Asks: 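Encoded as structure tokens, here's the structure I'll be asking about.
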Amino acid sequence: MVKATDSYRGRFAPSPTGPLHAGSLVAACASYLEARSRGGEWLVRMEDLDPPREMPGATDDILRTLEAFGFEWDGEVLYQSRRHDHYAEALRELERQDVVYGCGCSRREIADSSVHGIEGPVYPGTCRGGLPAGRGVRAWRVRTTDEAMVFEDGWQGRIERNLARDYGDFVVKRTDGFWAYQLAVVVDDADQGITHVVRGADLLESTPRQIHLQRLLGFPAPRYAHCTVVTNAQGEKLSKQTGAVALDARQAVPQLLDALGHLGQTLPGELRDADLDSLWGWAIANWAPGVKSAHTALEAE
Ligand code: GLU
């Protein structure tokens, strides 16, 4: 049963670094099913902000694959590559508030930091009080505070982090001149009126930083839910780097069934022979969110 809610707007935001794979399909299904089962909207945003990591043709390939798998998005696809002015405006606002600063440290100097957080070295704050003599600005960092940041994740429960200790002052504009994911995603989620962010748990540690930026920029905070990511036999998250195989549109139904199984849905055996329309009809009507188990099995017939 589709429950109508006042407003629910979700999104799927792939980076065109390669074709979609089983891991991206799980994230797409989770956000799609959350949105559609609540009568909400579902948007697609292309996060093409990082040309050095992008693969020619991946943008079109991703959109064609989503279509071939039966995803229907609302409105036009938003391209981050066309939104530099919006990110620049957000950086100016942060500068006005004096919560960002230019950092002149090299990658090596930061990697040598003896302070470690959740995702590696924490920036030691060298340029916090101003650039050392003879240094130019390489990247822009936002100041973090040494206090608890708490949010309730729809699937992972209560998450508590300390921004200064766990991540340190983080980059909003990179040394190579490109916008950092953390800044762009916050600006776009706000501009697109996203109310619910559903994505893979590999991005869980980004969320406290994003909430920090939302608060500074005066944006509403969406609700967050992070689903278990798909790993390979070595326990690594599926990605282009770990050799994930591209989705095959001719195998859309079985690959969707695998994704639904990963999301803990109990699948009736007859879905094996379903076409895409009936599969989506079933999945939306029967979506049982929040099941963390990663088992994949069709019920015995
Ligand atoms: N573009 C990011 C990725 O492909 C996802 C960003 C997000 O969902 O916030 O990993």
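Just so you know, these numbers use all the heavy atoms, side chains as well, and skip hydrogens, waters and symmetry mates. Everything numeric in this text was worked out from a predicted model, so none of it was measured. Positions are given from 1, in the same order as the sequence printed here.
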Asks: Walk me through whether W287 and E34 qualify under side chain to side chain donor-acceptor pair (under 3.5 Å).
Replies: CA-CA 8 Å; W287 173 236; E34 273 292 293; 2.6 Å; yes

Asks: To the nearest 0.5 angstrom, please state how far the OG atom of S31 sits from the CG atom of L43.
Replies: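 S31 atom OG to L43 atom CG measures 10.5 Å (nearest 0.5 Å).
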
Asks: Look up atom CG in L78 and atom CE in M46, then write down how far apart they are to the nearest 0.5 Å.
Replies: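 Interatomic distance, L78 CG to M46 CE, rounded to 0.5 Å: 10.5 Å.
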
Asks: Check the orientation of H226 and Y224. Use parallel for under 30°, tilted for 30 to 60°, and perpendicular for over 60°.
Replies: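 Parallel: the ring planes of H226 and Y224 meet at under 30°.
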
Asks: Spell out, as yes or no, whether a donor-acceptor pair under 3.5 Å connects the side chain of N232 to the backbone of E236.
Replies: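 Side chain of N232 to backbone of E236: a pair is present.
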
Asks: Not counting sequence neighbours, list each pair that qualifies as a side-chain hydrogen bond (donor to acceptor under 3.5 Å, both in side chains) and has a residue in residues 117-126.
Replies: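 Output for this query lists E119-R209.
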
Asks: Could you tell me whether D74 and R36 make a salt bridge, using a distance below 4.0 angstrom between a side-chain N and a carboxylate O?
Replies: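 R36 and D74: salt-bridged.
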
Asks: Are the side chains of P289 and L33 in touch, meaning some heavy atoms are under 4.5 Å apart?
Replies: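 Of all side-chain heavy-atom pairs linking L33 with P289, none is under 4.5 Å.
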
Asks: Counting distance only, does the side-chain N/O of T65 pair as donor-acceptor with the main-chain N or O of D61 below 3.5 Å?
Replies: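 Flag set: sc T65 to bb D61 pair under 3.5 Å.
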
Asks: Does atom CZ of R53 have more than 12 heavy-atom neighbours from other groups under 6.0 Å away?
Replies: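 No, the 6.0 Å shell around CZ holds no more than 12 heavy atoms from other groups.
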
Asks: First locate atom CZ of F69, then atom CG of L276, and finally report the distance between them rounded to the nearest 0.5 Å.
Replies: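 F69 atom CZ to L276 atom CG measures 8.0 Å (nearest 0.5 Å).
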
Asks: So, taking the atom named OG1 in T207 and the one named CZ in F151, what distance separates them when rounded to the nearest 0.5 Å?
Replies: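 Interatomic distance, T207 OG1 to F151 CZ, rounded to 0.5 Å: 4.5 Å.
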
Asks: When you look at CD of E76, are more than 12 heavy atoms from neighbouring residues, nucleotides or ligands closer to it than 6.0 Å?
Replies: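 12 or below, so no.
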
Asks: Can you label the angle between the Y32 ring and the W42 ring as parallel, tilted or perpendicular, going by 30° and 60°?
Replies: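 Answer is perpendicular, since the angle exceeds 60°.
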
Asks: Would you call P14 and S24 a side-chain contact if the rule is heavy atoms closer than 4.5 Å?
Replies: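 When only atoms from C-beta onward are counted, S24 and P14 do not touch, as no gap falls below 4.5 Å.
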
Asks: Indicate yes or no: at least one non-hydrogen side-chain atom of L183 is less than 4.5 angstrom from one of L94.
Replies: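 Touching, per the 4.5 Å side-chain cut-off.
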
Asks: Does this structure show an ion pair linking D189 with R45, if we count only N-O contacts that are shorter than 4.0 Å?
Replies: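 Result for this pair is yes, salt bridge flagged.
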
Asks: Are E205 and R161 within salt-bridge range, i.e. N to O under 4.0 Å?
Replies: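 Counted as a salt bridge, because a side-chain N and a carboxylate O are separated by less than 4.0 Å.
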
Asks: Are N162 and E147 close enough, and set up right, to give a side chain to side chain donor-acceptor pair (under 3.5 Å), and what steps lead you there?
Replies: CA-CA 5 Å; N162 176 306; E147 60 192 339; over 6 Å; no

Asks: Is there a side-chain contact between V253 and D275, using heavy atoms and a 4.5 Å cut-off?
Replies: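 No - every pair of side-chain heavy atoms lies 4.5 Å or more apart.
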
Asks: Does H86 use its side chain to pair, donor to acceptor, with the backbone of Q80 at less than 3.5 Å?
Replies: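 Judged by distance alone, no pair lies under 3.5 Å.
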
Asks: Side chain of Q255, backbone of L247: donor and acceptor closer than 3.5 Å?
Replies: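 Flag not set: sc Q255 to bb L247 has no pair under 3.5 Å.
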
Asks: Can you list everything that forms a ring pair (Phe, Tyr, Trp, His ring centres under 6.0 Å) with H21? Sequence neighbours excluded, please.
Replies: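 H21: no ring pair (Phe, Tyr, Trp, His ring centres under 6.0 Å) contacts found.
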
Asks: Can you find a heavy atom in the side chain of V186 that is under 4.5 Å from one in the side chain of L217?
Replies: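 Yes, their side chains come closer than 4.5 Å.
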
Asks: Please say whether more than 12 non-hydrogen atoms of neighbouring residues, nucleotides or ligands are located less than 6.0 Å from CZ in R96.
Replies: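 For R96, atom CZ is crowded (more than 12 foreign heavy atoms under 6.0 Å).
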
Asks: State whether K237 and D202 are salt-bridged, where the test is any N-O pair (Lys NZ or Arg NE/NH1/NH2 against Asp/Glu carboxylate O) under 4.0 Å.
Replies: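 Here K237 pairs with D202 in a salt bridge, since their nearest N and O are under 4.0 Å apart.
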
Asks: Any side-chain donor-acceptor pair under 3.5 Å between Q97 and E93?
Replies: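 The answer is yes; a qualifying pair exists.
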
Asks: Are V198 and L204 linked, directly or through intermediate hydrophobic residues, by side-chain heavy-atom contacts shorter than 4.5 Å (ILVMFWY only)?
Replies: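 No: no chain of side-chain contacts under 4.5 Å links L204 to V198.
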
Asks: To the closest 0.5 Å, what do you measure between CG (L25) and CG (L238)?
Replies: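 It is 11.0 Å, given to the nearest 0.5 Å.
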
Asks: Using a strict cut-off of less than 4.0 Å between a Lys/Arg side-chain nitrogen and an Asp/Glu carboxylate oxygen, indicate whether R135 and E109 qualify as a salt bridge.
Replies: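 E109 and R135: salt-bridged.
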
Asks: Return yes if some donor-acceptor pair links the side-chain N/O of E54 with the main-chain N/O of L49 below 3.5 Å, else return no.
Replies: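 Flag set: sc E54 to bb L49 pair under 3.5 Å.
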
Asks: Below 4.0 angstrom, N of the basic side chain to O of the carboxylate: do R272 and E270 qualify?
Replies: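 Salt bridge absent between R272 and E270.
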
Asks: Does atom CD of E72 have more than 12 heavy-atom neighbours from other groups under 6.0 Å away?
Replies: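 Open: at most 12 neighbouring heavy atoms sit under 6.0 Å from CD of E72.
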
Asks: Report yes or no: do Y79 and F178 belong to one cluster of Ile/Leu/Val/Met/Phe/Trp/Tyr joined by side chain heavy-atom distances under 4.5 Å?
Replies: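 Result: no, two separate clusters.
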
Asks: To the closest 0.5 Å, what do you measure between CG (L260) and NE2 (H262)?
Replies: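 Between L260 CG and H262 NE2, I get 11.0 Å after rounding to 0.5 Å.
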
Asks: Please evaluate residues V137 and C103 with respect to the criterion side-chain contact (heavy atoms from CB on, under 4.5 Å), reporting the C-alpha separation (whole Å), side-chain torsions for both, the decisive distance (0.1 Å), and the verdict.
Replies: CA-CA 5 Å; V137 172; C103 169; over 6 Å; no

Asks: Can you name the residues that form a side-chain contact (heavy atoms from CB on, under 4.5 Å) with R138, not counting sequence neighbours?
Replies: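 Listed in chain order: S106, T175.
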
Asks: With a 4.0 Å cut-off on N to O distance, would you call R165 and D146 a salt bridge?
Replies: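 No, no charged N to carboxylate O under 4.0 Å.
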
Asks: W140, Y181: one ILVMFWY side-chain cluster at the under-4.5 Å cut-off?
Replies: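 Cluster IDs for W140 and Y181 match.
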
Asks: Is there a side-chain contact between W179 and L91, using heavy atoms and a 4.5 Å cut-off?
Replies: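 Answer yes - side chains close enough.
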
Asks: Within the 4.5 Å heavy-atom criterion, are D98 and R143 side-chain neighbours or not?
Replies: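 They are in side-chain contact.
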
Asks: Flag the pair R92 and E89 as a salt bridge only when some basic side-chain nitrogen lies within less than 4.0 angstrom of an acidic carboxylate oxygen.
Replies: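 Here R92 pairs with E89 in a salt bridge, since their nearest N and O are under 4.0 Å apart.
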
Asks: Closer than 4.0 angstrom, basic N to acidic O: yes or no for R174 and D50?
Replies: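 Here R174 pairs with D50 in a salt bridge, since their nearest N and O are under 4.0 Å apart.
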
Asks: Side-chain heavy atoms under 4.5 angstrom apart, residues restricted to Ile, Leu, Val, Met, Phe, Trp, Tyr: same cluster for Y167 and L216?
Replies: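 Hydrophobic grouping puts Y167 apart from L216.
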
Asks: Evaluate V172 against Q182 for side-chain contact (heavy atoms from CB on, under 4.5 Å), listing each step before the verdict.
Replies: CA-CA 7 Å; V172 286; Q182 307 292 2; 5.6 Å; no

Asks: Do W280 and L257 belong to the same hydrophobic cluster, where Ile, Leu, Val, Met, Phe, Trp and Tyr are linked whenever their side-chain heavy atoms lie under 4.5 Å apart, directly or via other members?
Replies: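 In one cluster: yes.
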
Asks: Where the side chain of T195 meets the backbone of P222, is there a donor-acceptor pair that is under 3.5 Å apart?
Replies: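 Pair absent, no side-chain N/O of T195 close to backbone of P222.
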
Asks: Salt bridge between R83 and D191, side-chain N to carboxylate O under 4.0 Å?
Replies: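 Salt bridge present between R83 and D191.
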
Asks: Hey, are the side chains of M149 and R215 touching, using non-hydrogen atoms and a 4.5 Å cut-off?
Replies: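 Yes, side chains in contact.
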
Asks: Before accepting this row, confirm whether a basic side-chain N of the pair E152/R158 lies closer than 4.0 Å to the acidic partner's carboxylate O.
Replies: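 No, no charged N to carboxylate O under 4.0 Å.
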
